[in-house]
Amino acid sequence: MTDNSATFDIAGYGHYPVNHQPLSIETGPDSLRLTWDDGHESEFHYLWLRDNCPCPGCVSTLTREQMFEICDVPLSIRPLEAQLDGGYLHIQWDHDGHVSRFHPGWLRSHCYSEQARAARQWQPEIWDKATIETSLPTYDYTAMMQDDTVLLSWLRQLRDTGISLLQNTDTTPGTLQQVAARISFIRETNFGTLFDVRAKPDANSAAYTNLRLPLHTDLPTRELQPGLQFLHCLNNDATGGESILVDGFRIAQHMREQYPDDFEALSSLPMDFYNKDRHSDYRFRGPALVLDGQGTVIEVRFANFLRGPLDVPADQVVRHYRAYRTFISLTREPRFQFEYRLVPGDLLVFDNRRVLHARQAFDLQQGHRHLQGCYVDRDELLSRIRVLERTL
Ligand code: OGA
Ligand code: ZN
Ligand code: ZN
């Protein structure tokens with residue numbers, strides 16, 4: 001019964017284990033109610049069921065994309081007959097004689113009861129200094145490269161915790177290409193496919209000097225900030241140059257609780273971010289704290305050194321600066337900061353749309369410092385996780 005993709009029971013490639021069986025159906029005017037063997041109840045509307053019919057007439061067996069359009073049946077569509085057979089829900093519709101068959105594992109996974117929707121809601125694992133120091137997700141490079149189970153575990157940690165350390169990474173320059181290929185495409189930018197972080201005479205970014213870099217996200221100047229950032233340490237024997245990481249979701253949580261007006265200001269007033277170079281001029285305007293429709297913080301956009309002049313209504317300027325100062329002050333508090341000194345072979349990977357990163361100034365009289373970096377978007381991470389989950 002779990003074999004579904006071969007028989008086109010499901011409009012996709014996923015596999016849905018049948019952990020529960022529906023026991024009974026109760027039909028109402030515009031929806032039916034399934035009661036499952038664990039007592040759970042699912043209401044499915046007739047329009048929703050008809051829309052999700054996985055039959056080869058409704059979903060292309062080649063592309064697994066829907067061909068059926070809901071406006072081609074009456075709004076009042078309902079079953080002539082609905083019954084359970086071997087766990088499947090069979091419906092014969094009162095329109096066109098169409099018949100639909102729904103796989104129980106798929107139905108249960110898509111139940112939209114309040115309880116089921118809440119359980120499906122992704123919850124980040126928010127951290128501060130104390131928690132991350134004892135539980136930094138750490139992986140071995142070779143194991144990750146060779147074993148898809150380790151790869152999946154690493155990627156899930158990145159999704160949920162937003163930070164990880166790969167150790168014993170090959171220090172050959174360019175190794176990041178192969179690491180990123182374990183996930184998917186690199187996000188190329190005007191700084192290159194891979195970028196070399198070291199002090200350069202003709203620096204076009206504060207990153208390419210030996211100066212302290214305050215806490216920031218990379219490329220807040222773009223419509224879509226890169227999702228994952230990789231920093232691969234090839235050499236780090238200069239004095240200074242320690243890395244600092246802060247969970248931006250933790251700072252936002254603290255602000256929301258302790259400084260609600262500052263939180264409201266930073267999540268609603270836009271900021272302008274500029275990246276000026278000789279041959280490019282990127283700008284983006286948006287708030288530092290990005291909320292979804294439910295008011296959950298889903299992104300942090302922040303780099304003090306990449307700001308353009310503030311452009312908000314005059315009566316909001318002081319309010320903005322108050323909130324902005326609060327945010328920076330909080331990121332400077334040691335209780336939120338994870339400090340770590342990269343050693344050659346370390347590869348730090350973090351969610352750049354969530355985790356702020358910084359480095360201390362370094363002194364090149366005493367040695368060298370060379371990191372290589374690249375970006376991979378969040379979409380690529382999540383897609384790779386889903387594909388691995390089909391089989392693992
Ligand atoms: C960067 C950066 C950190 C470092 O390149 O954007 O933040 O440790 N580098 O040099
Ligand atoms: Zn159909
Ligand atoms: Zn950076």
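Note that the numbering runs from 1 along the sequence shown for the chain. All ligand and atom numbering here is 1-based and tracks the order in the structure.
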**Asked** Are a donor atom and an acceptor atom from the side chains of Y324 and N304 found within less than 3.5 Å of each other?
**Response**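 Judged by distance alone, the side chains do pair up.
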
Does the side chain of [Y] come within less than 4.5 Å of [X]'s, by heavy atoms?
X	Y	value
L228	R378	no
T169	T175	yes
F305	H216	yes

Can you name the atoms of ligand 1, numbered from 1 with element, that are less than 4.0 Å from a heavy atom of [X]?
X	value
R359	4 (C), 8 (O), 10 (O)
A207	1 (C), 5 (O)
H357	2 (C), 6 (O), 7 (O)
H216	6 (O), 7 (O)
L213	2 (C), 7 (O), 9 (N)
L371	4 (C), 8 (O), 10 (O)

Using 4.0 Å as the upper bound for N to carboxylate O, is an ion pair formed by [Y] and [X]?
X	Y	answer
D218	R353	no
D272	R307	no
R108	D38	yes
D281	K276	no

**Request:** Kindly state whether the ring of H110 and the ring of F44 have centres lying under 6.0 angstrom apart.
**Result:**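 So the answer is no for these two rings.
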
**Request:** Indicate yes or no: does an N/O atom of S243 lie under 3.5 Å from an N/O atom of ligand 1?
**Result:**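 In this structure, S243 places no N or O atom under 3.5 Å from an N or O of ligand 1.
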
**ligand 1 contact on L342 by region, counting heavy-atom pairs under 4.0 Å** =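 None of L342 does.
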
Search all heavy atoms of [X] against all heavy atoms of [Y] and return the closest pair with its distance.
X	Y	value
P287	S268	CB-N, 4.2 Å
P79	W93	N-CE3, 4.0 Å
L356	T217	CD2-CG2, 3.7 Å

**Message:** Check whether F273 forms a cation-pi arrangement with R283 (NZ or CZ under 6.0 Å from the six-membered ring centre, at most 45° off the ring normal).
**Reply:**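 Pair R283/F273 does not count as cation-pi.
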
**Request:** Measure from NZ or CZ of R101 to the centre of the six-membered ring of Y88, then state whether that distance is under 6.0 Å and the direction lies within 45° of the axis.
**Result:**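 Geometry flag: set, cation within 6.0 Å and 45°.
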
**Prompt:** Near the Zn ion (ligand 2), which protein N/O/S atoms are found at less than 2.8 Å?
**Reply:**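 Correct list: C53 SG, C55 SG, C58 SG, H98 NE2.
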
**Request:** Return the set of protein N, O or S atoms whose distance to the Zn ion (ligand 3) is under 2.8 Å, each given as residue and atom.
**Result:**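 Those protein N, O or S atoms (cut-off: under 2.8 Å from the Zn ion (ligand 3)) are H216 NE2, D218 OD1, H357 NE2.
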
**atom 8 (O) of ligand 1 [closest protein heavy-atom partner, distance rounded to 0.1 Å]** =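 Nearest neighbour among protein heavy atoms for atom 8 (O) of ligand 1, to 0.1 Å: R369 NH2, 2.7 Å.
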
